[in-house]
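Take a look at the structure below.
Residue numbering restarts at 1 for every chain, and letters A, B, ... go by the order of the sequence lines.
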Amino acid sequence: MNNKGNIYEEFEWRGLLYDATPELKDVLGKESVTAYIGFDPTAASLHVGSLLPIMGLARMQRYGHTSIALVGGGTGLIGDPSGKTAERQLLTKEKVAENIEGIRAQLSHFLDFEREGNPARIENNHDWLGGLQLIDFLRDTGKHFTVNYMLSKESVKRRIESEDGISYTEFTYMMLQAYDFLELNRRLGCTLQMGGSDQWGNILAGTDLIRRVNGNKAHGLVFPLVTNAAGTKFGKTEAGNVWLDPELTSPYKFYQFWLNADDRDVIHYLKAFTWLDRESIAELERSLEENPGAREAHRRLAREVTTMLHGESALGKAEQAAKVLFGGSLENLSVNDLKDIFEDVPSTVIPREELSGDGMGALELCTRIGLTSSNGEARRLIRQGGLFVNNDRLSDESGRVTAEQGIDGELLVLRKGKKSYHLVQIGQG
RNA sequence: GGACGGGUACCGAAGCGGUCAACCGGGCUGGACUGUAAAUCCAGUGUCUUUCGACUUCGGAGGUUCGAAUCCUCCCCCGUCCA
């Protein structure tokens with residue numbers, strides 16, 4: 001069953017072990033356990049930050065353990081105070097239900113629900129929290145929590161000290177999460193909860209509750225917060241969050257996100273987010289050291305993660321697009337190729353007659369399609385040499401763009417700076 | 001309820017009757033160098049036109065003044081302290 005050794009050690013060398021309950025290592029070495037991680041349905045899609053816990057579950061499964069992804073249909077209605085400095089806005093029930101569906105679909109890319117012997121499961125805590133009676137809950141669960149205990153938890157303490165305080169609702173969150181663990185323990189024999197390091201307090205509340213209620217031993221393991229060397233928040237780019245949903249973050253952008261990782265972070269990301277083994281990673285590390293310009297490690301990271309989430313064909317497109325976009329010439333490409341490559345790029349249709357004759361002023365065009373937000377900004381851009389039409393720099397601010405410049409008379413590729421593209425389709429009409 | 005302090009552009013923070021579209025830092029956007037990296041350097045960062053200039057901004061509404069972000073009145077919000 002445990003044919004690959006102890007997953008605890010695997011987590012350790014991958015840098016995924018932030019903290020764990022003391023007996024966990026032994027337990028994982030001896031038996032196969034059932035583990036769960038909770039996912040918060042605050043948005044319709046998970047983002048790259050969630051990839052770490054998701055991979056955690058997936059790794060457990062590969063090591064022969066049983067993984068459960070819990071979507072917080074019940075707790076999502078309450079809001080977790082962990083890591084938050086202010087009270088959260090409550091989501092509507094409909095919104096939560098919708099978000100759960102989105103998340104469920106994404107999880108299925110990583111977990112194997114058909115796997116022989118230890119199929120993964122998705123549970124929704126609304127199933128047991130939804131019908132819970134307050135009186136019963138207070139007698140059976142609340143009785144096991146002293147307020148003193150809850151007040152001593154970091155997430156609560158911080159909020160107690162803050163000016164705005166913490167609502168009773170959020171204060172209760174910890175109990176509900178502990179109750180989830182208890183339910184999963186009862187129903188499915190789940191004895192391990194994993195999560196981000198901010199979940200440590202809530203997880204321990206769960207193991208404590210299980211011990212008190214039915215005397216079982218349960219464990220916890222938390223992953224470190226993913227950091228990046230630049231000191232900004234992981235998973236954020238200029239354009240905002242990097243989502244797992246291809247509608248929100250296209251495979252191309254997703255690929256680029258990884259490719260653009262800081263040198264100092266790549267190896268660490270390879271360990272955390274891919275399945276590559278020690279030797280492969282060591283090799284990439286060597287390559288990074290000897291020939292950083294080749295960026296083999298980055299490329300591999302982007303490939304691995306993109307394929308895992310979006311599949312081979314999406315990867316192929318992302319790579320092809322990258323080649324064209326950063327390779328230089330658009331010359332030998334047909335309109336159809338371009339449309340394909342620029343699939344995710346914003347695009348605007350401009351009627352042909354507006355571009356006929358001496359065409360449209362470049363300033364006006366940039367602002368019209370939203371590449372710049374004002375003519376002044378467009379002017380600055382051009383002055384500083386940041387505007388490209390079909391990959392040729394346009395440096396005259398009084399320059400004009402005409403239909404004749406269109407590739408096959410149909411398509412203009414505008415670029416702002418190095419990475420920001422916008423298509424203009426020359427429309428009939 | 002009382003006493004102070006404060007609300008300035010994306011954020012922080014100067015300015016305290018004209019020379020203020022408003023110092024400075026961060027962020028952000030371009031450029032150079034590179035490896036689609038980091039660091040560094042340069043430029044830019046209200047709108048319209050760019051040469052001058054015009055217009056709209058400094059919590060809100062009024063007022064004083066030739067002229068206000070800067071003074072006065074009222075109102076709203078925030079912080080600290082006393083009740």
In whole angstrom, what separates [X]'s [atom1] from [N]'s [atom2]?
{"X": "A:L387", "N": "B:rU29", "atom1": "CG", "atom2": "C1'", "result": "13 Å"}
{"X": "A:F257", "N": "B:rA37", "atom1": "CZ", "atom2": "P", "result": "15 Å"}
{"X": "A:I267", "N": "B:rA38", "atom1": "CD1", "atom2": "P", "result": "17 Å"}
{"X": "A:I382", "N": "B:rG30", "atom1": "CD1", "atom2": "P", "result": "14 Å"}
{"X": "A:L394", "N": "B:rG30", "atom1": "CG", "atom2": "P", "result": "16 Å"}
{"X": "A:N291", "N": "B:rA37", "atom1": "CG", "atom2": "P", "result": "16 Å"}
{"X": "A:D263", "N": "B:rU34", "atom1": "CG", "atom2": "P", "result": "16 Å"}
{"X": "A:E319", "N": "B:rU36", "atom1": "CD", "atom2": "P", "result": "16 Å"}

Which part of the nucleic acid does A:D262 contact within heavy-atom distance under 4.0 Å: base, sugar-phosphate only, or nothing?
sugar-phosphate

So A:G293, base contact, sugar-phosphate only, or nothing? Heavy-atom distance under 4.0 Å.
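Result for A:G293 = base.
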
With rounding to whole Å, what would you report as the distance between [N] and [M] at their [atom1] atoms?
{"N": "B:rA32", "M": "B:rA38", "atom1": "P", "result": "15 Å"}
{"N": "B:rG31", "M": "B:rC23", "atom1": "P", "result": "25 Å"}
{"N": "B:rG2", "M": "B:rG46", "atom1": "C1'", "result": "42 Å"}
{"N": "B:rC76", "M": "B:rU36", "atom1": "C1'", "result": "49 Å"}
{"N": "B:rC72", "M": "B:rC4", "atom1": "P", "result": "14 Å"}
{"N": "B:rG26", "M": "B:rU40", "atom1": "P", "result": "10 Å"}
{"N": "B:rU8", "M": "B:rA22", "atom1": "C1'", "result": "9 Å"}
{"N": "B:rU57", "M": "B:rA69", "atom1": "P", "result": "9 Å"}

[N] pairs with which nucleotide, Watson-Crick or G-U wobble, both distances below 3.5 Å?
{"N": "B:rU57", "answer": "none"}
{"N": "B:rA43", "answer": "B:rU29"}
{"N": "B:rC81", "answer": "B:rG2"}
{"N": "B:rC20", "answer": "none"}
{"N": "B:rC71", "answer": "B:rG63"}

A:R415 side chain near B:rG30 phosphate (N/O to OP1/OP2, under 4.0 Å):
no

Closer than 4.0 Å, any side-chain N/O of A:K416 to the OP1 or OP2 of B:rC28?
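For A:K416, the contact criterion (side-chain N or O under 4.0 Å from OP1 or OP2 of B:rC28) is not met.
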
Most 5' of A:S420 and A:R264 on RNA chain B, judged by nearest nucleotide:
A:S420

Mind checking whether [X] and [Y] have side chains closer than 4.5 Å, heavy atoms only?
{"X": "A:F326", "Y": "A:Q256", "answer": "yes"}
{"X": "A:Q199", "Y": "A:Q177", "answer": "yes"}
{"X": "A:Y252", "Y": "A:V345", "answer": "no"}

Within the distance-only criterion (no hydrogens, no angle test), does the side chain of A:T274 pair as donor or acceptor with the backbone N or O of A:E304 below 3.5 angstrom?
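Checked: no pair found.
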
Are the side chain of A:T146 and the backbone of A:Y149 linked by a donor-acceptor contact shorter than 3.5 Å?
yes

Tell me if the aromatic rings of A:W258 and A:F273 count as close, with their centers under 6.0 Å from one another.
yes

Between A:F257 and A:Y269, is the ring centroid distance below 6.0 Å?
no

Can we say A:R299 and A:E319 salt-bridge, meaning some charged N sits less than 4.0 Å from an Asp/Glu carboxylate O?
no

Got a second to check how far A:L70's CG is from A:I37's CD1, nearest 0.5 Å?
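Between A:L70 CG and A:I37 CD1, I get 10.5 Å after rounding to 0.5 Å.
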
For every nucleotide of nucleotides 41-51 of chain B, 5' to 3': is a protein heavy atom under 4.0 Å from its base (B), only from its sugar-phosphate (S), or from neither (-)?
--BSS-SSBB-

